2 protein chains.
Amino acid sequence: MESSSASRYTTVADVARLAQVSKAQAARALGGYGAVSDEVRSRVLAAAETLQYHPNELARSMNTGRSKTIGVVVGDIENPYFSLAMRGIYDTSKAGGFDVILINTGEDLATEIDAVNVLLDKRVDGMIVAPVTRSSSTHLNRVVDSGRPVVLLDRKLPSLPVDSVVAEMRQVSYEATRHLLDEGHTRVGYISSLDVGGVEFTVDLDLGTNPVTERLAGMRRAFDEADVPLPADLIRLGAGKQYSIGDLVQALVTGPDPATAIVASDSVIALEALAELQRAEVRIPDDVSFLMFDELPWAGLMTPPITVVAQPVYDQGVAAAAILLRRIGGDRSEPEHLALPSRLIRRGSVAPVGSAVVGASA
Amino acid sequence: MESSSASRYTTVADVARLAQVSKAQAARALGGYGAVSDEVRSRVLAAAETLQYHPNELARSMNTGRSKTIGVVVGDIENPYFSLAMRGIYDTSKAGGFDVILINTGEDLATEIDAVNVLLDKRVDGMIVAPVTRSSSTHLNRVVDSGRPVVLLDRKLPSLPVDSVVAEMRQVSYEATRHLLDEGHTRVGYISSLDVGGVEFTVDLDLGTNPVTERLAGMRRAFDEADVPLPADLIRLGAGKQYSIGDLVQALVTGPDPATAIVASDSVIALEALAELQRAEVRIPDDVSFLMFDELPWAGLMTPPITVVAQPVYDQGVAAAAILLRRIGGDRSEPEHLALPSRLIRRGSVAPVGSAVVGASA
DNA sequence: GCCTAGAATGAGACCGGACTCACACGGGTT
DNA sequence: AACCCGTGTGAGTCCGGTCTCATTCTAGGC
């Protein structure tokens, strides 16, 4: 009794029957391969039309071994960074005739491992992964072993011989920090969601290979060149994981030797930090200067407009997909490591230190 | 010569061979069905372990007829509305053991039709579609005919007997408009990206069934009740398609009888409108009041904070996925039409009309 | 007029699982 | 001793395509 007839799909066999030819001939006419007479072809095509035939991609994938699908594994699709990168990936894949399966990891390693396995089991032709920070790469090795191409996004894993696409960060972070130093900021706070398991930041903590490490390296170089000690006590990791962003911001702007400038590692952090600053009635840039990584449409519309480091996010997606498609196409050359240029956009949220303190508090 | 051995996957047959049992027994042990002795089971499992066996989901899907995958068709994943809804869909699907294939239509009907067909050919177990406005529903009928469930998101199609999840719009739009009228705004501009092929808006233009129609209905009711004529000349459709948003805003705030309040139909439009207003040095709310549909984190951080209509976007995604999963589970009850409550959040961007004109321009 | 290359065609293997069927085996009934 | 049932097992079919292989048909070459 269970259910009413689940309306079976029409198959090549059905088409063949109606067209009065063998299954093989029908398949040939439909697939456009082998030799088929015009007579048969038109009969088969007509039959397919009347029967509304659509090939079962699953069956097709199974014995061609290729699914014309790529998998994308990201940390959080809700994050504008990923959704924009996704758009780049999507547009490029589609232009190449590939569909996209999206998997969201919630920045969790176990989920990421699972995601990669699922994609492999679904026989995607390749995948783009934005690996969770501090993830090991054993699960990605399985992909490499399977012979399917992987491209890493926003992160490279030194141990893994695969292509990667990141935004150049060290140089632009150096520039951004110099900008802050030029304005007199030596107490620069940095807030990142990088998960290091709650360990406190110290100058020689190994954070692995990721954008945050690069940014901190650029920052350090600027401080070193200016001969100013890097304010390690103001560099806070685990934001939004171990620690609330609001608390972190509070801690930075209060205390005996507070930060005079705050750098937000991404737009999600920036939003929460700005909200907290507003709640605490800390004015930007009068009381504290503010800089964020990632350029979003709203950044320039705030009062004051926010100074940002703009990364070519969409282009990263495009580049990653382009490389992946090339690999799927059979390119076996050495892994490529692309670093797309980022740039500092100076707006109004960074001002000389103490610029308005006297006038404003009086 | 083509390529080096594409490292074949291990199959049940391989596992069976190593475990010295028949393929059938191995499959049973692996799949956890039928009767298998403890002896055989452990041998098979051990073999699977050493061979790193992973089942081919394609093959599995093919003869179970179910792929444990749902398809999602959205207009633009880069739009925060969709990425947040996607997150809701994603979380819910995943909890139910389903993977998600994402297809982006770029708000194009042809692409949408294609997308739906692709998903069908990939044999997804069901799909969630946010249909392009003014789309016909013939392509969705094919889905219905196939017996696979579809849930519409953000839109219902009267001709299509399927579930839908939307945000309640008429009532909240009524409230928002009353709020504007209460503040003395009778010249209210409305900017929407709804594509009507460049036709100008008139009060009796049929826009089909979609959120914009609902909003305009709520708006009209408020105007009717206040006995004020609906300013049809200020209602502009096709924003970002036929017309540039900047030009539209310019047109609204200039002219002999300009708008005193502007309503942006979504956050993307709002962002561009705000940028244009800033360029034109039109102050909010002194020169013009502003209201947008969709609540985003930055809205409350602007100066002044933006008054918005908040829709439960994430929850819409969750609800759509929940209904879909229920249908996949075999629920054959009448189509459900869910309208999740939205609410007006009054902030600082709406002020009494003419409130600061004299003081500010003097 | 005969031979052959190549087009046209059908039968059937195959991809990798899920699942049906037939059968062997052992213990409990009567 | 004959019978039954349930567990365990292997052989083999099926899903819906792709593709190989053998066969037939036809046209061109000598």
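Basis for what follows: all heavy atoms, side chains included, without hydrogens, waters or symmetry-related copies. As the structure is a computational prediction, the values presented were derived from the model and not from experiment. Throughout, protein chains are lettered first and strands after them, A, B, ... in sequence-line order, and every chain is numbered starting at 1.
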Give a yes/no on whether any side-chain N or O of [X] is located under 4.0 angstrom from OP1 or OP2 of [N].
X       : N      : result
A:Tyr53 : D:dG17 : yes
B:Ser37 : D:dT9  : yes
A:Gln25 : C:dG10 : no

Next item on the list: With a 4.0 Å heavy-atom cut-off, tell me which residues in residues 10-21 of chain B come close to DNA chain C, sorted by residue number.
Entry: B:Thr10, B:Thr11, B:Val12
Checklist line | Close approaches to DNA chain C from residues 119-127 of chain A, in residue order (heavy atom, under 4.0 Å) | finding: none
Just how far, in rounded Å, is [atom2] of [N] from [atom1] of [X]?
X       : N      : atom1 : atom2 : value
B:Arg60 : C:dC15 : CZ    : P     : 19 Å
B:Tyr33 : C:dG17 : OH    : P     : 11 Å
A:Arg28 : C:dA8  : CZ    : C1'   : 8 Å
B:Leu58 : D:dG17 : CG    : P     : 13 Å
A:Glu39 : D:dT26 : CD    : C1'   : 16 Å
A:Arg41 : C:dA8  : CZ    : P     : 8 Å
B:Lys68 : C:dA18 : NZ    : C1'   : 16 Å
A:Leu30 : C:dT9  : CG    : P     : 15 Å

Margin query: Under the rule for side-chain hydrogen bond (donor to acceptor under 3.5 Å, both in side chains), what residues qualify as partners of B:Ser22, not counting sequence neighbours?
Written below: none
Margin query: If we ignore hydrogens and angles and just use 3.5 Å, is the side chain of B:Tyr90 paired with the main-chain N or O of A:Asn104 as donor and acceptor?
Written below: yes
Check: Given C:dA18, D:dT18, D:dG16, which nucleotide is nearest the side-chain atoms of B:Met62?
Finding: D:dG16
Margin query: Check B:Asp163 with B:Lys156, please: is the shortest side-chain N to carboxylate O separation under 4.0 Å?
Written below: no
Note to self: Taking the nucleotide of DNA chain D with the nearest heavy atom to each, does B:Asn63 or B:Ser22 sit closer to the 5' end?
What the structure shows: B:Ser22
Next item on the list: Output the distance between atom OG1 (A:Thr111) and atom CG (A:Leu109), rounded to the nearest 0.5 Å.
Entry: 8.5 Å
Next item on the list: Report the distance from atom CG of A:Asp315 to atom CG of A:Leu338, rounding to the nearest 0.5 Å.
Entry: 10.5 Å
Margin query: When you compare the side chains of B:Tyr81 and B:Asp76, does any donor N or O come within less than 3.5 Å of an acceptor on the partner?
Written below: no
List the residues meeting salt bridge (Lys or Arg N to Asp or Glu O under 4.0 Å) with [X], not counting sequence neighbours, and say none if there are none.
X        : result
B:Asp99  : A:Lys122
A:Asp108 : none
A:Asp14  : A:Arg8, A:Arg17

Item checked: First of B:Pro55 and A:Ala35 reached from the 5' end of DNA chain C, by closest nucleotide -> A:Ala35
Checklist line | Under-3.5 Å donor-acceptor pair between B:Asn56 side chain and C:dG17 base | finding: no
Check: Under 3.5 Å, is there an N or O donor on one side and an acceptor on the other linking the side chain of A:Lys23 and the base of D:dG17?
Finding: yes
Margin query: Going by side chain to side chain contact (heavy atoms under 4.5 Å, CB included), B:Met127 matches just one of B:Leu120, B:Leu324, B:Ile70, B:Val72. Which one?
Written below: B:Leu120
